Amino acid sequence: MKKVFSFIIIALVAFALAACAGANNETEEKEAKDGNKKLVVGASAVPHAEVLDAAKPLLKEKGIDLEVQVFQDYILPNVALRDKELDANYFQTPGYLELQMKENKDFDFVSVGEIHKEPIGIYSKKYKSLKDLPNGAKIIMSDSLSDHGRILPIFEKEGLIKLKEGVGASARVEDIIDNPKDLDFSTLIEAKLLASSFDSGEGDAVVINTNYALEGGIDIGKYGIAFEGDDVVPANLVVVRSEDKDREEIKALVEVLKSEEINKFLKDKYQGAVLPGE
């Protein structure tokens, strides 16, 4: 009886292995048949992954199967790119890329294309404009220093603060030399948590990256009280390892993301909250 039982077990295992091998062979045959190359790109959920999804059929026509890996933070997409788990990532601005490469010497990356722009917005449930903010108003913003050089000039443009001359996009809170309303910029949190802070009614105003505002379902038109000017908004980049910048698949990706079809997608879907990069 034991011998019969052992024989049945062996037969079942052999059948399972044969089935797996058959499935693997079928997949390999399918890949060999269509001849497509695979490209793996890491991205933030909104709008980056949505844009990449729109690009999939266009890349398919060029013989490239695009796989999109969605990340919820700004750290892991660069780590995954360094570790060759991704062929490219699409989520960061030039200032953030520069800061990350300065802090991580093993990040040998390069931008291969400016795809779209997302004006950072200041949102409030209590006030209709920056000038309505009261003395000592609590401003909640990202703990990413690369964002501060984009945020603080918005307040300066509205006449609420004055920054050291010439700091420009490298501005930091300590560069504020005049703050008549004594605005409180001390509350810094992870960018991905900003929309939740706004929903919870924290602070008098919350400065939110557009991708997280969209992802959080915030009514940009209703609650946005100030935004970066279109002329100063940095572009979101497609970034690759330096060794891969001339790969044909990467060039095709950038070409598609800059195409008229994708520009139309950006304009139709985001209604001005996301702008074509060039």
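All residue numbers in this chain count up from 1 along the given sequence. Here the structure is a predicted model, which is why all the values come from computation and not from measurement. All values below come from the heavy atoms of this structure, side chains included, with hydrogens, waters and symmetry mates left out.
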Report task. Determine the minimum heavy-atom distance between Asp87 and Val240, stating which atoms define it. Result -> O-CG1, 3.7 Å
Report summary line: Heavy-atom nearest pair, Ala273 first then Leu214, reads CB-CD2, 4.5 Å
Requested in this report: Check the pair Leu52 / Leu253 against side chain to side chain contact (heavy atoms under 4.5 Å, CB included), numbers first and verdict last.
Outcome: CA-CA 9 Å; Leu52 290 171; Leu253 172 67; 4.2 Å; yes
Query raised in the report: So does Lys62 pair up with Glu255, basic N to acidic O under 4.0 Å?
Result: yes
Query raised in the report: Salt bridge check: are Arg241 and Asp108 linked by an N-O gap of less than 4.0 Å?
Result: no
Query - Considering all heavy atoms, the nearest Val46-Asn211 contact - result: O-CB, 2.6 Å
Query raised in the report: Hey, is Arg247 close enough to Glu249 for a salt bridge, meaning N to O under 4.0 Å?
Result: yes
Query raised in the report: Got a salt bridge between Lys37 and Asp65, using NZ or NE/NH1/NH2 to carboxylate O under 4.0 Å?
Result: no
Query - Chi angles and distances behind the side chain to side chain contact (heavy atoms under 4.5 Å, CB included) call for Phe109, Asn78 - result: CA-CA 9 Å; Phe109 302 154; Asn78 278 334; 3.6 Å; yes
Report task. For Pro94 and Pro234, work out which heavy atoms get closest and say how close. Result -> CD-CB, 4.0 Å
Query raised in the report: Which heavy atom in Lys131 sits nearest to a heavy atom in Glu158, and how many Å separate them?
Result: CE-O, 3.5 Å
Requested in this report: Look at the side-chain heavy atoms of Ile, Leu, Val, Met, Phe, Trp and Tyr, link any pair under 4.5 Å apart, and say whether Ile154 and Tyr96 land in one connected group.
Outcome: no
Requested in this report: Report the C-alpha distance between Lys162 and Glu156 in whole Å, list the side-chain angles of each, state the deciding distance to 0.1 Å, and finish with yes or no for salt bridge (charged side-chain N to carboxylate O under 4.0 Å, His left out).
Outcome: CA-CA 6 Å; Lys162 186 175 181 180; Glu156 184 177 48; over 6 Å; no
Query raised in the report: Linking I/L/V/M/F/W/Y whenever any side-chain heavy atoms sit under 4.5 Å apart, do Val274 and Val238 land together?
Result: yes
Query raised in the report: Can we call the ring centroids of His48 and Tyr90 under 6.0 Å apart?
Result: yes
Requested in this report: Would you please test Leu194 and Val207 for side chain to side chain contact (heavy atoms under 4.5 Å, CB included) and show each step?
Outcome: CA-CA 7 Å; Leu194 290 166; Val207 189; 5.9 Å; no
Requested in this report: Identify whether the distance between the nearest side-chain nitrogen and carboxylate oxygen of Asp132 and Lys128 falls below 4.0 Å.
Outcome: no
Query raised in the report: Is it true that Asp204 and Lys138 make a salt bridge, defined as a side-chain N closer than 4.0 Å to a carboxylate O?
Result: no
Report task. Run the salt-bridge test on Asp73 and Lys192 with the 4.0 Å N-O cut-off and return the result as yes or no. Result -> no
**Report entry** Lys157 and Glu228 ion-paired at < 4.0 Å
**Finding:** no
Requested in this report: Check the angle between the aromatic planes of Tyr212 and Tyr74 and answer parallel, tilted or perpendicular using the 30° and 60° thresholds.
Outcome: tilted
Requested in this report: Taking atom types as modelled, find out whether Ser144 and Ser146 have a side-chain donor-acceptor pair closer than 3.5 angstrom.
Outcome: yes
